[in-house]
Chemist: 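One structure coming up, written as structure tokens, with questions to follow.
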Amino acid sequence: MQTLKKRLAWIRLFLILLFSISAIWLALLSQKSGYIQTAIQQSTYTVTAGTANGTIYDRNGTPLVNATTTYQAVVSPTAEAVEALLPHVLDKTSFLSSVEQGMPFVCEIDTAEIDCADVTILEIPERYAVPVLAQHLIGYTADGVGVSGIEAAFDNILRSETSRWSVTFSVDGTSGVLSGDNLQIRYGANPTYGVITTLDADIQRLCETAGASLEKGCIIVMEVNSGDILGMASFPCYSVDNLSAALEDENSPLINRALYAYPVGSIFKLVTATCAKESGIAYRFQYDCTGVISIGTQEFHCNDRSGHGIQNMLEAMRSSCNPYFIALSQELSAITLLNMAKSLGFGEEIVLASGITALSGTLPTVSQLNIPAKRANFCFGQGILTATPLQIARMTCAIAGDGSLPMGRLILGITENGREILNEEEAAFESGISEETAAFLRTLMCYAASSEDFEGCPKYLAMGAKTSTAQTGRYDENGVEYCDGWVTAFFPSQSPKYVVTVLAEDDGYGNDCASPVLREIAAGIMALESP
């Protein structure tokens with residue numbers, strides 16, 4: 001009996017040992033399987049150095065994005081790599097932090113001349129140069145999606161493919177980078193497909209350089225015959241890398257002021273002159289300006305408080321005589337004035353692309369204009385009237401051309417290679433005014449621009465122009481009213497090709513703050529045309 005008990009005890013002990021050994025073996029086997037699986041999963045490690053999406057071009061095929069490149073270093077963090085790269089790294093703090101992680105990473109450097117086996121240099125297209133050309137029109141992206149401007153309007157085209165630059169490393173089972181020439185380098189290609197705009201990069205650059213003097217404002221350059229937008233710049237600009245600062249800036253840099261509505265001022269006298277021409281009284285109407293005119297119980301003053309004396313329309317346009325045009329407005333019906341403003345594009349919203357829309361501005365009603373004092377305000381661009389700089393540029397194109405009012409074109413079409421345009425958007429026009437009336441208005445504007453006091457005309461270039469100083473109804477802490485300075489012009493005068501409209505927001509007299517900007521742009525454009 002004792003012998004049996006001893007045998008059973010030995011068998012029990014044997015089984016316990018057997019099960020224990022089996023458990024340990026299974027655990028070791030499971031752990032080994034995990035190591036094998038890890039080695040399989042982590043046999044390679046890929047670092048993406050950069051990506052590129054579709055390109056936005058100017059009318060000549062010049063890229064407006066992807067136009068510059070950066071040097072990106074893909075680094076295996078060895079002592080040799082750190083020593084070679086450190087003098088050329090743009091962000092040293094981030095670089096040293098990445099080195100401490102011990103895994104391959106990417107950093108931006110200032111040269112391609114790095115001689116180190118643990119560093120791979122890739123030249124990557126940079127989406128936005130600094131500063132961004134035509135920033136308010138181009139817009140920006142966030143998390144790979146277009147948020148504003150052309151980036152948003154054509155997001156499906158521009159993001160239809162992504163070109164990628166990357167380096168793949170071989171690693172061991174513990175994620176250590178294996179030494180040797182076992183890198184797999186993927187070279188992307190700068191995408192040629194994208195969107196061709198009407199912009200001219202050289203003219204756009206002129207606008208942004210000349211407009212640097214504007215604290216707030218905008219510039220538009222249009223081609224007379226097509227209504228194509230050759231340049232459009234808004235000020236101030238903003239940084240895509242610091243949008244929170246732009247949102248908090250009281251000058252609202254995110255607004256595209258070329259598409260925003262403002263009081264117009266004396267430029268609107270061109271509309272009143274158009275009504276007079278088509279009503280048959282333009283040539284015969286004269287007025288003796290004494291410096292003030294009374295309409296009912298309200299007095300309106302001239303810019304020259306001593307008066308201009310007897311004025312015809314040609315002289316009144318050059319001197320910008322308010323009493324003349326107020327007296328003229330009383331000879332015109334409210335409906336005639338309102339309809340003429342609409343014929344020249346006032347009160348009309350303009351869609352340049354999806355999400356890029358110029359406001360309609362505001363127009364008075366016929367019943368309001370039937371009140372003589374309100375009609376007086378309207379005839380020289382004050383009262384509730386507002387308009388966008390784009391509307392003013394369109395009107396000037398109609399005057400400079402055959403009277404047809406261009407809709408304004410920003411996008412020519414889609415492209416696969418940056419040169420050929422697919423499904424080109426045709427330039428569109430509205431009826432506008434008659435060719436004879438347009439020629440009459442050109443004469444008025446050319447006479448105004450020929451004044452020796454006009455600051456907008458460069459030497460050896462004749463142009464037609466009209467300035468404005470528009471009251472805003474807003475005042476500074478000293479009780480001085482803010483005024484928006486305007487000028488709109490076409491040139492050359494004998495065969496108009498270009499229209500330039502400048503707005504200097506809250507900056508005073510148009511001839512003082514806007515005209516010098518016009519002069520610089522006009523001179524620059526003509527220099528571009530010189531052989």
Side-chain angles (χ1 to χ4, degrees), residues 263-347 361-387 391-392 395 399 432-434 436-438 440-441 443-445 447-448 466-473 483 486 510:
V264 176
S266 293
I267 285 174
F268 194 78
K269 290 170 181 172
L270 294 166
V271 178
T272 306
T274 304
C275 287
K277 173 67 172 65
E278 299 203 346
S279 298
I281 62 173
Y283 293 109
R284 63 176 173 81
F285 187 84
Q286 292 187 335
Y287 181 74
D288 186 2
C289 172
T290 61
V292 65
I293 183 172
S294 296
I295 301 296
T297 59
Q298 189 168 342
E299 287 188 343
F300 296 88
H301 292 276
C302 188
N303 55 65
D304 183 345
R305 293 301 179 97
S306 63
H308 291 108
I310 297 176
Q311 299 267 284
N312 59 27
M313 185 169 288
L314 200 65
E315 294 161 337
M317 190 64 73
R318 173 184 273 189
S319 63
S320 201
C321 178
N322 288 345
Y324 175 93
F325 284 95
I326 290 170
L328 177 62
S329 74
Q330 305 305 300
E331 304 291 320
L332 303 168
S333 70
I335 190 66
T336 300
L337 275 167
L338 188 59
N339 286 342
M340 187 55 65
K342 291 178 179 178
S343 294
L344 286 168
F346 291 86
T362 54
L363 283 171
T365 63
V366 173
S367 60
Q368 288 172 321
L369 289 181
N370 278 326
I371 301 171
K374 290 189 180 295
R375 188 157 72 252
N377 259 323
F378 183 63
C379 80
F380 67 102
Q382 293 292 165
I384 69 169
L385 172 71
T386 61
Q391 287 171 327
I392 299 301
M395 176 188 73
I399 294 169
I433 56 179
S434 71
E436 180 185 353
T437 299
F440 171 74
L441 294 170
T443 300
L444 296 179
M445 292 180 71
Y447 187 68
K466 183 71 187 81
T467 60
S468 275
T469 303
Q471 296 172 277
T472 66
C483 290
W486 291 82

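Keep in mind that the numbers below use all heavy atoms, side chains included, and drop hydrogens, waters and symmetry copies. Count residues from 1 along the sequence.
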Chemist: Of the options T467, N303, T469, which is the one that meets S320 in a side-chain contact (heavy atoms from CB on, under 4.5 Å)?
Modeler: N303
Chemist: Which pair of non-hydrogen atoms, one from I326 and one from A376, has the smallest distance, and what is that distance?
Modeler: CG2-CB, 3.6 Å
Chemist: Keeping the roles fixed (side chain from Y324, backbone from M317), state whether a donor-acceptor pair exists under 3.5 Å.
Modeler: no
Chemist: For E436, is the CD atom crowded, meaning more than 12 foreign heavy atoms sit under 6.0 Å from it?
Modeler: no
Chemist: A quick test of your reading: do over 12 heavy atoms of other residues, nucleotides or ligands sit less than 6.0 Å from NZ of K374?
Modeler: no
Chemist: About how many Å separate OG of S319 and CG of L314, when rounded to the nearest 0.5 Å?
Modeler: 10.0 Å
Chemist: Please find the pair of heavy atoms, one from M340 and one from C275, that lie closest to each other, and give the distance.
Modeler: CB-SG, 3.3 Å
Chemist: Quick one: closest heavy-atom pair of F378 and F268, and the distance?
Modeler: O-CD2, 3.0 Å
Chemist: Taking the side chain from R305 and the backbone from G291, do they hold a donor-acceptor pair closer than 3.5 Å?
Modeler: no
Chemist: Hey, does I293 have a side-chain heavy atom less than 4.5 Å from the side chain of N322?
Modeler: no
Chemist: Verify whether one side chain among S468 and K269 offers a donor that lies under 3.5 Å from an acceptor in the other.
Modeler: no
Chemist: Please walk me through it: do L385 and T362 pass side-chain contact (heavy atoms from CB on, under 4.5 Å)?
Modeler: CA-CA 5 Å; L385 172 71; T362 54; 5.5 Å; no
Chemist: Within a 6.0 Å radius of atom CD1 on I310, are there more than 12 heavy atoms belonging to other residues, nucleotides or ligands?
Modeler: no
Chemist: Check step by step if side-chain contact (heavy atoms from CB on, under 4.5 Å) holds for L332 and I281.
Modeler: CA-CA 9 Å; L332 303 168; I281 62 173; 3.9 Å; yes
Chemist: Would you name the heavy atoms of C302 and H308 that are closest together and state the gap between them?
Modeler: SG-CE1, 3.1 Å
Chemist: Can you find a heavy atom in the side chain of M313 that is under 4.5 Å from one in the side chain of F440?
Modeler: yes
Chemist: Hey, would you say the F325 and Y287 ring centroids sit under 6.0 Å apart?
Modeler: no
Chemist: Would a distance-only check, ignoring hydrogens and angles, find a side-chain to backbone donor-acceptor pair under 3.5 Å from E299 to V292?
Modeler: no
Chemist: Quick check: does any side chain N or O of Q368 sit under 3.5 Å from a backbone N or O of T365, one acting as donor and the other as acceptor?
Modeler: yes
Chemist: Would you check if the side chain of R375 reaches a backbone N or O of A334 as a donor-acceptor pair within less than 3.5 Å?
Modeler: no
Chemist: Does the side chain of I392 reach to within under 4.5 Å of the side chain of F346, using non-hydrogen atoms?
Modeler: yes
Chemist: Taking all heavy atoms of I295 and all of A373, pick out the closest pair and write down the distance.
Modeler: CG2-N, 3.7 Å
Chemist: Would you give the length of the straight line joining atom CG of L338 to atom CG of N370, rounded to the nearest 0.5 angstrom?
Modeler: 10.0 Å
Chemist: Would you say the side-chain atoms of E315 pair up with the backbone N or O of N312, donor to acceptor, closer than 3.5 Å?
Modeler: yes
Chemist: Atom CZ of R284 and atom CD of E331: how far apart are they, to the nearest 0.5 Å?
Modeler: 7.5 Å
Chemist: Kindly give the heavy-atom pair with the smallest separation between A470 and G265, and that separation in Å.
Modeler: CB-N, 3.7 Å
Chemist: Would you say Q298 and N377 make side-chain contact, with heavy atoms under 4.5 Å?
Modeler: yes
Chemist: Can you tell me how far the CG atom of D288 sits from the CD atom of Q311, to the nearest 0.5 Å?
Modeler: 9.0 Å
Chemist: Please lay out, stage by stage, how L444 and L441 fare under the test side-chain contact (heavy atoms from CB on, under 4.5 Å).
Modeler: CA-CA 5 Å; L444 296 179; L441 294 170; 4.1 Å; yes
Chemist: Checking I433 against E278 for the side-chain contact (heavy atoms from CB on, under 4.5 Å) test, could you report, in this order, the C-alpha distance in whole Å, the side-chain angles of both residues, the deciding distance, and whether it holds?
Modeler: CA-CA 9 Å; I433 56 179; E278 299 203 346; 4.2 Å; yes
Chemist: May I ask you to decide if P263's main-chain N or O and W486's side chain share a donor-acceptor pair within less than 3.5 Å?
Modeler: yes
